[in-house]
Student: 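Below: one structure in structure tokens.
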Amino acid sequence: MSQGMGRRKFLGYLIGGTGLVAAANVGLLGSPGQAGAVTAPVPADLYDLNDVLTTAAQPTSQLIEVEVHEDGTASFELPRAEVGQGITTSIAMIIAEELELPLEDVRVTLAPARPELLFNQLTGGSNTIFAMHTPVRVAAALAKQALLEAAAVLLGDTVGNLTAKAGEVIGSTGRLPYGELVPKAAVRRTTAREVELKPTSEFRVVGTPQNRKDAYAAVTGQKQFAMDLEVEGALPAMICRPPTIGGRVDSVLNAAEVKAMNGVTHVEVVPSGVAVRARTFGQCIDAIRALRVQWRPGTAEGASDDSIRAELKSAELPMVVPHLPALAETLDFDFTFHFRSGSPLEPNCAVADVRGDRATIWASAKSPIAAKQEIAAVLGLPSGRVTFNVVEGGGSFGRKLFFDGALEAALVSRACQAPVRLMWHRADEPRHGRSHPMVTARVRVAHLGDQVLSFEHRHTGVAVDFTHGLGEAVTAAAGELPVAGNLSLAETIFETTQFMPYDFGVINQKLVETGAHDRFPTSAVRNVYSPDVRAANELVVDQLARKLGKDPYEFRMAYLRKERVKRVLREVAEAGGWGRPMPAGMAQGIAIHEEYKGASACLVEIDCRPEAVNREVRDAVTGPLVTKVTFAIDPGLVINPRGVEAQMQGGICDGIALALTNSSHLVDGHFLEASWDNSAYTRQWNTPREMRVLVLPSDNPPGGVGEAGVASAFAATACAYARAVGKLPQHFPVNHHDPLHFEPKSFIPPVPASPTDGLRHTY
């Protein structure tokens with residue numbers, strides 16, 4: 001906000017042309033707030049990842065435009081990826097609110113890759129609403145103001161006497177629909193204008209529960225994903241992949257024989273394997289199963305869970321807190337978090353049409369600018385000759401920050417000299433897709449009586465791959481960090497996401513990553529480092545409370561530094577009935593988390609009695625059962641409470657899976673899992689029968705919610721489990737070392753046969 005301007009006044013632009021187009025001004029989007037902590041703040045208190053990403057996006061915010069059309073509707077091309085988190089609905093609500101339009105008259109679509117946006121077309125870090133809330137509001141408010149000014153001229157009145165409501169401007173002498181005003185409101189040349197935003201006290205759309213605008217299309221099968229697109233000549237394509245991670249083709253022994261199979265049009269070697277193009281996906285699967293390929297060794301030959309954990313243990317850094325008083329007691333803890341697949345529900349897929357000197361791609365992508373540029377470089381084309389169309393995606397978990405599927409589709413299309421609809425098989429993703437890396441967490445806490453003197457956390461893991469383009473945004477703003485501006489990219493992300501909500505004296509949290517990501521395709525998956533860090537830290541908090549003879553809830557309330565975090569913890573304790581008597585083998589667990597400009601708390605009840613653990617459900621992974629969850633979140637200003645609740649429900653299921661069932665087993669250079677069933681994500685039989693989400697709005701700016709439900713749910717489930725069994729778990733998920741619950745599918749051929757009954761067996 002510029003000097004001398006009112007509290008809600010901003011600058012924007014009316015864009016010159018024949019229509020009414022408005023955009024926000026650069027640099028008036030606020031600045032990161034300072035923490036009011038009593039103890040020394042950690043870096044994230046001063047400048048967190050949301051601040052980094054938002055600062056990087058600011059210089060091109062004026063290129064993001066809201067347009068009002070002559071039919072009275074408004075449209076907006078969202079430079080972010082919709083992957084089921086509901087941001088198109090939330091952005092439409094913001095525009096409808098500020099522009100005074102019915103929500104159904106606002107159309108939000110996804111922008112294609114626009115390199116001129118630089119760092120402003122990246123979807124990650126639960127940053128979309130935080131970064132775009134103000135620019136979108138300013139653009140919509142400026143468009144409304146232009147409509148009011150045009151109406152004032154036509155009605156012979158003053159703007160102050162006019163009211164905008166439901167797509168009309170109303171005055172004492174008449175009313176005019178927006179559509180009639182659009183030609184009159186247009187300007188010949190781009191003009192800077194000052195505008196005042198609507199007070200939040202007058203909101204009528206923002207803050208009300210709304211169904212997603214695309215919900216009906218999704219449940220009726222009308223929603224268009226990449227594999228639903230009709231692109232002329234684009235036939236199905238799949239890839240026969242190596243038996244081990246990172247393997248390469250040495251030779252194909254029967255290419256001609258496979259190419260002669262029914263429906264097969266092409267068999268081509270590409271960097272990631274052998275591509276098959278056919279009339280149907282079923283024919284692709286048959287061809288892949290028939291291929292005989294000699295493979296070169298992979299990048300992780302011989303690697304196993306045990307060997308990687310040994311590497312991580314040898315890379316752990318020592319604790320560094322200075323010598324403490326002789327009477328202080330030190331407690332040490334050690335945890336391991338295993339690999340887990342980042343597979344979304346929608347298989348990795350893309351449509352590509354590469355012809356000579358141009359390429360057109362259709363795919364869901366969270367970093368489409370990087371995708372466009374990398375595909376152009378690999379194909380040897382100028383970037384301007386590659387069109388990358390962003391399609392809505394069926395889930396992400398961070399997976400769609402990578403564009404390997406789109407790049408593969410482009411390479412297959414070029415090899416076949418024909419358009420393709422490339423889809424990974426369900427078995428491909430857990431074995432060759434992106435995984436959250438294995439990590440170890442060592443925690444040391446020192447206390448003197450009830451006073452906690454220090455809290456150290458060493459987070460050591462296989463390196464997270466950030467080469468998807470997130471690095472560009474973070475690098476652009478890394479100099480803004482209040483400390484250690486020369487941190488590596490991974491360390492920067494760690495430091496700007498890891499809060500320490502407790503008054504625990506000297507705080508020291510450090511990340512160490514090995515170079516093993518060149519052997520494993522890794523990714524952040526959902527919530528990056530936070531679920532593992534928070535689970536380890538909250539387990540230690542529980543153990544410390546137990547050591548000091550304190551109730552876990554009361555102990556947290558006594559040491560929490562911020563009222564906002566105390567508020568959500570207090571709410572779940574009261575609503576969830578913390579401390580109520582539980583039978584032996586059952587227990588409650590409670591945990592908090594702070595991130596994404598918000599705070600959350602979770603209370604879990606778990607049943608670890610034999611009759612629950614040993615229950616039998618057909619084709620199910622059972623074990624300990626979470627029976628009840630009470631969750632509270634303060635995300636700041638709430639755009640769509642129903643959307644927030646849905647995101648928290650998904651995050652809770654993520655957290656339960658991470659604690660109890662979901663991991664990948666690395667054996668001899670490959671992961672054994674080859675389907676969603678194998679990966680044992682939380683299913684209907686493991687979902688709590690009672691799940692209550694409390695959305696607690698506050699006066700803070702709107703924070704991120706796409707990932708905010710995972711960490712505290714994971715931590716609360718882990719704490720509940722430890723209390724129920726009377727033993728602190730050393731690894732997660734807790735069932736990782738149990739006998740496998742599945743029969744591993746073959747590695748050669750790399751995919752199972754297509755089901756023949758279509759009902760009992762799906763992969």
Student: Please report the interatomic distance CZ(R80) to NZ(K366), rounded to the nearest 0.5 Å.
Tutor: 11.5 Å
Student: Okay, side chain of T190, backbone of I15: is any donor-acceptor separation there less than 3.5 Å?
Tutor: no
Student: Using a 3.5 Å distance criterion without hydrogens, assess whether the side chain of R340 forms a donor-acceptor pair with backbone atoms of S664.
Tutor: no
Student: Can you give me the closest heavy-atom contact between V351 and R421, atom names plus distance?
Tutor: CG2-CG, 4.1 Å
Student: As a test of understanding, state which of D428, L411, L422 forms a side chain to side chain contact (heavy atoms under 4.5 Å, CB included) with I239.
Tutor: L422
Student: On the ring face of F76, is R107 found with NZ or CZ under 6.0 Å from the centre and within 45° of the axis?
Tutor: no
Student: Would you call K400 and E346 a salt bridge, using N to O less than 4.0 angstrom?
Tutor: yes
Student: What pair of heavy atoms forms the shortest contact from C284 to P236, and how long is it?
Tutor: SG-O, 3.6 Å
Student: Under 4.5 Å between any side-chain heavy atoms of F402 and D465, yes or no?
Tutor: yes
Student: Ignoring hydrogens, what is the shortest heavy-atom contact between L122 and S367? Give both atom names and the distance.
Tutor: CD1-CB, 4.0 Å
Student: Looking at A96 and L103, what are the two nearest heavy atoms and their distance?
Tutor: CB-CA, 4.0 Å
Student: Test salt bridge (Lys or Arg N to Asp or Glu O under 4.0 Å) on R355 and D353; report intermediate values, then the result.
Tutor: CA-CA 6 Å; R355 303 193 186 189; D353 186 359; 2.7 Å; yes
Student: Is it the case that the side chain of H266 and the backbone of C416 share a donor-acceptor pair, with hydrogens and angles ignored and the cut-off at 3.5 Å?
Tutor: yes
Student: Give a yes-or-no answer on whether the side chains of N527 and E595 include a donor-acceptor pair shorter than 3.5 Å.
Tutor: yes
Student: Measuring from Q373:CD to L381:CG, what's the distance to the nearest 0.5 Å?
Tutor: 13.5 Å
Student: Output, in order, the C-alpha distance, side-chain angles, deciding distance and verdict of side-chain contact (heavy atoms from CB on, under 4.5 Å) for Y596 and D48.
Tutor: CA-CA 8 Å; Y596 308 120; D48 70 6; over 6 Å; no
Student: Do you know which two heavy atoms are closest between G246 and T299, and how far apart they sit?
Tutor: CA-OG1, 3.7 Å
Student: May I ask you to test the R248-W295 pair for a side-chain heavy-atom distance under 4.5 Å?
Tutor: no
Student: Run the numbers on S435 and T522 for side-chain contact (heavy atoms from CB on, under 4.5 Å), then give the verdict.
Tutor: CA-CA 5 Å; S435 294; T522 61; 5.5 Å; no
Student: Is a side-chain donor or acceptor of R114 paired with a backbone partner of P79 at a separation under 3.5 angstrom?
Tutor: no
Student: Could you check whether atom CD of E230 has more than 12 heavy atoms from other residues, nucleotides or ligands sitting under 6.0 Å from it?
Tutor: no
Student: Just so I know, are the side chains of S383 and F388 near enough to count as touching, which here means a heavy-atom distance under 4.5 Å?
Tutor: no
Student: Considering non-hydrogen atoms only, spot the tightest contact between G124 and L53 and give its length.
Tutor: O-CD1, 3.6 Å
Student: If you round to the nearest 0.5 Å, how far is CG of D404 from OG of S272?
Tutor: 8.5 Å
Student: Taking the side chain as C-beta and beyond, is there a heavy-atom pair between V264 and V276 under 4.5 Å?
Tutor: yes
Student: Output yes when a side-chain donor or acceptor of R137 lies under 3.5 Å from a complementary backbone atom of M132, and no otherwise.
Tutor: no
Student: Would you sort out whether F339 and F671 count as a ring-ring contact (aromatic ring centres under 6.0 Å, His included), showing the intermediate values?
Tutor: CA-CA 9 Å; F339 286 104; F671 291 114; 5.2 Å; yes
Student: Would you find a donor on one side and an acceptor on the other, under 3.5 Å apart, between the side chain of E82 and the backbone of Q85?
Tutor: yes
Student: Indicate the ring-plane relationship of W676 and F397, choosing parallel, tilted or perpendicular according to the 30° and 60° boundaries.
Tutor: tilted
Student: Is the count of non-hydrogen atoms from other residues, nucleotides or ligands lying under 6.0 Å from Q417 atom CD greater than 12?
Tutor: no
Student: Are V412 and E268 close enough that some pair of their side-chain heavy atoms sits under 4.5 Å apart?
Tutor: no
Student: How long is the gap from OG1 on T54 to CZ on F130, to the nearest 0.5 Å?
Tutor: 4.5 Å
Student: Nearest 0.5 Å please: distance from the CG atom of L78 over to the OG1 atom of T109.
Tutor: 8.0 Å
Student: Does T73 use its side chain to pair, donor to acceptor, with the backbone of H69 at less than 3.5 Å?
Tutor: no
Student: For K213 and T88, indicate whether the former's side chain and the latter's backbone hold a donor-acceptor pair under 3.5 Å.
Tutor: no
Student: Any side-chain heavy atom of P750 within less than 4.5 Å of one from I288?
Tutor: yes
Student: Do Y681 and S341 get their side chains close enough for a donor-acceptor pair, meaning under 3.5 Å?
Tutor: no
Student: Please determine whether side-chain contact (heavy atoms from CB on, under 4.5 Å) holds for the pair V391 and L229, giving the CA-CA distance in whole Å, both sets of side-chain angles, and the decisive distance to 0.1 Å.
Tutor: CA-CA 9 Å; V391 182; L229 300 178; 3.9 Å; yes
Student: Kindly indicate whether the side chain of E392, heavy atoms from C-beta on, has any atom under 4.5 Å from the side chain of Q224.
Tutor: no
Student: Hey, is the main chain of A409 close enough, under 3.5 Å, to the side chain of S413 for a donor-acceptor pair?
Tutor: no
Student: For the backbone of Q283 and the side chain of T280, can you confirm whether one donor and one acceptor N or O come within less than 3.5 Å of each other?
Tutor: yes
Student: Could you tell me if R399 sits above the aromatic ring of W424, with its cationic atom closer than 6.0 Å to the ring centre and no more than 45 degrees from the axis?
Tutor: yes
Student: Taking NZ, NE, NH1 and NH2 as the nitrogens, is one of them in K223 or D228 under 4.0 Å from a carboxylate oxygen of the other?
Tutor: no
Student: Do you know which of R277, R279, K259 makes side chain to side chain donor-acceptor pair (under 3.5 Å) with T265?
Tutor: R277
Student: Taking atom CG of L20 and atom CD of E65, what is their separation to the nearest 0.5 Å?
Tutor: 11.0 Å
Student: I94 vs H133, test: side-chain contact (heavy atoms from CB on, under 4.5 Å). Steps then yes/no.
Tutor: CA-CA 7 Å; I94 294 169; H133 174 249; 3.8 Å; yes
Student: Take R241 and E408 through the salt bridge (Lys or Arg N to Asp or Glu O under 4.0 Å) test and state the conclusion after the steps.
Tutor: CA-CA 12 Å; R241 301 183 188 276; E408 278 186 340; 2.9 Å; yes
Student: Is the shortest side-chain heavy-atom distance between N348 and E429 below 4.5 Å?
Tutor: yes
